[in-house]
Protein chains: 2
Amino acid sequence: MSTDPAAVAKKKPARGSASTPATGKRSERKQRTREHLLDAALSLMEAGRGFSSLSLREITREAGVAPAAFYRHFSDLDELGLALVEACGLTLRRLLREVRRQELPPTQMLRSSVVTYKDYVKDNHRYFRFAAGARGGGSPSIRKAIRIEEAHFANEMAQDMRDLNMLPHLSMDMLQVMCGLVVTTMMNAASDILDLPAGNAQAEKEMTETFVMQLRLVFLGARSWLSS
Amino acid sequence: MSTDPAAVAKKKPARGSASTPATGKRSERKQRTREHLLDAALSLMEAGRGFSSLSLREITREAGVAPAAFYRHFSDLDELGLALVEACGLTLRRLLREVRRQELPPTQMLRSSVVTYKDYVKDNHRYFRFAAGARGGGSPSIRKAIRIEEAHFANEMAQDMRDLNMLPHLSMDMLQVMCGLVVTTMMNAASDILDLPAGNAQAEKEMTETFVMQLRLVFLGARSWLSS
DNA sequence: TATTTAGGTATACAACTGTTCACTAAAATA
DNA sequence: TATTTTAGTGAACAGTTGTATACCTAAATA
């Protein structure tokens, strides 16, 4: 997650107050096995299984840890799921930063964004696999968390477009509605991308093209949108 | 499924050939408990659980049948899932017929279609719950089946629009791309509709409005689309 | 240094899982 | 009517599940 030792949570700030140099090895190890658990869950889903079909014992087994150790980190499988949602949120925000940094040659900007996105999904396929799966299927609390994360993402995207002065004739509300649609479409496309047959470059190109056209439709609609 | 006795599959066509009047009570009963099994699965998912978290024994218990009886109908939970996908396909096609029959007052047609859809999702919430959940989460084979069903639906929709001479400047390919986007958006909306807090008319109205605007965006984009 | 804290292990338990098998009884066939 | 088929049963199986318990040991604290 973070390589900054200062980011490690500490329950008691230590009585000597300020400048406790670093809490040292205990919480480090804890954090590490926690990540092993999260990683294990993601690995088990790589074959295409949904999160809700995983069992606690499977996960601890994959993580190389005794079943009971699980409870030192999460009280529940659901809680682990929520942690995964949070990690996905970070991943998504990183994507946004990546696209933002790309500066726009406005002609091909949409297509190149799609290509960036496609590669990004492949690089982070474990997170997207989880998100795409749990979005509709997970427990209600996980579903809700994912939806909140998506809304967050859509809002950031809308704010970005506002700052870049794109589609300035749209109200902020309308911009958010549009970005919501884009996010939905992106998530759905992620699911398609992940299920692409491995070596089939033809199918991949086709899918990309469809995706580009769909986004183009949305942007075109936004451009000719009138008033509120 | 079908009330037509002639639709019942028969392995040996009977040697007396033609006009076997009706195979009678045995296959009727079989069909009935088969539907009990499908129903049981849908019922268990009503609380929000995903299909992949159901167990064979749970389903037979809910259906009021011994566990071993399951194998007389499906070899697998996966196979039952595929049967559910097929049932969903029928449901979707029924929806299309319903909307088609509505005849279009083209001004408010989009909004009224959305309302129709919303009610339809609520009426058939069990099927949509399953579809929305298994679309990303289920086993690979179920996911694939759902995707095929969605594509079918999108294509029928495109053909319908062609027949009604809507957006005549679009190529058939482009129409299909657009309908694909609409179907995706609809499916996502279904998930939102199902998770609506029960009595909240305000939230419902808001969601409907957002949904309408998103579709309007797509249609607007389609109207101003140029060439291939 | 002595004491406390807490991440992790091993073991045990009752509950549940998917699947098999021999069986019944009623319907379909000959 | 006699025979065969077959949807459904009930008991048994080996595995797996989630959770509780007592315990160990290294790090953190006093």
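Every chain is numbered from 1, with letters handed out A, B, ... down the list of sequences.
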- Message: Under the rule for salt bridge (charged side-chain N to carboxylate O under 4.0 Å, His left out), what residues qualify as partners of Glu98(A), not counting sequence neighbours?
- Response: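 Listed in chain order: nothing, the list is empty.
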For [X] and [N], give me the distance from atom [atom1] to atom [atom2], rounded to whole Å.
X: Arg29(A); N: dT9(C); atom1: CZ; atom2: C1'; value: 13 Å
X: Arg57(B); N: dA14(D); atom1: CZ; atom2: C1'; value: 12 Å
X: Phe70(A); N: dT17(D); atom1: CZ; atom2: P; value: 13 Å
X: His36(B); N: dT9(D); atom1: NE2; atom2: P; value: 12 Å
X: Arg61(B); N: dT9(D); atom1: CZ; atom2: C1'; value: 16 Å
X: Asp76(B); N: dT17(C); atom1: CG; atom2: C1'; value: 15 Å
X: Lys25(B); N: dA25(C); atom1: NZ; atom2: C1'; value: 14 Å
X: Glu79(B); N: dG18(C); atom1: CD; atom2: C1'; value: 15 Å

- Message: If we check side chain to side chain contact (heavy atoms under 4.5 Å, CB included) with Asp192(A), which of these qualifies: Leu194(A), Leu196(A), Asn188(A)?
- Response: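 Considering Leu194(A), Leu196(A), Asn188(A), a side chain to side chain contact (heavy atoms under 4.5 Å, CB included) with Asp192(A) is found only for Asn188(A).
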- Query: Under 4.5 Å between any side-chain heavy atoms of Met45(B) and Leu84(B), yes or no?
  - Reply: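 Of all side-chain heavy-atom pairs linking Leu84(B) with Met45(B), at least one is under 4.5 Å.
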- Query: Are any of the side-chain heavy atoms of Phe211(A) and Lys118(A) separated by less than 4.5 Å?
  - Reply: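 The answer is no; the side chains never approach within 4.5 Å.
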- Contact under 4.0 Å: Thr33(B) side-chain N or O vs dG8(D) OP1/OP2: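 Result: yes.
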- Look at the side-chain N and O atoms of Ser55(B) and state whether any lies under 4.0 Å from the OP1 or OP2 oxygen of dC16(C).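 No, no such contact exists.
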- Message: Taking Pro140(B)'s backbone N and O only, do any of them form a donor-acceptor pair with Arg49(A)'s side chain (distance below 3.5 Å, no angle check)?
- Response: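 Between the backbone of Pro140(B) and the side chain of Arg49(A) there is no qualifying donor-acceptor contact (under 3.5 Å).
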- Message: For Phe153(A), give me all partners under ring-ring contact (aromatic ring centres under 6.0 Å, His included), at least two apart in sequence or on another chain.
- Response: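 For Phe153(A) there are no ring-ring contact (aromatic ring centres under 6.0 Å, His included) partners, ignoring immediate neighbours.
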- Mark up nucleotides 20-25 of chain D, 5' to 3', with B wherever a protein heavy atom is under 4.0 angstrom from a base atom, S wherever such an atom reaches only the sugar-phosphate, and - elsewhere. B-----
- Message: I need the Glu150(B) CD to Cys88(B) SG distance, nearest 0.5 Å.
- Response: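 SG of Cys88(B) is found 10.5 Å from CD of Glu150(B).
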- Task: Could you check which of dT9(C), dG10(D), dG18(D) has an atom nearest any side-chain atom of Ala66(A)?
- Result: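 Ranking dT9(C), dG10(D), dG18(D) by closest atom to the Ala66(A) side chain puts dT9(C) first.
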- Task: For the side chain of Arg26(A), starting at C-beta, report the closest nucleotide among dT17(D), dA28(D), dT19(C).
- Result: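 Nearest to the side-chain atoms of Arg26(A), counting from C-beta on, is dA28(D).
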- Message: Regarding Arg32(A), tell me which of base, sugar-phosphate or nothing describes its non-hydrogen contacts under 4.0 Å with the strands shown.
- Response: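 Contact class for Arg32(A): none.
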- Message: Let me spell it out: for each of Leu56(A) and His73(B), pick the nucleotide of DNA chain D with the closest heavy atom. Which residue's pick is nearer the 5' end?
- Response: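 Comparing both residues, the 5'-ward one is His73(B).
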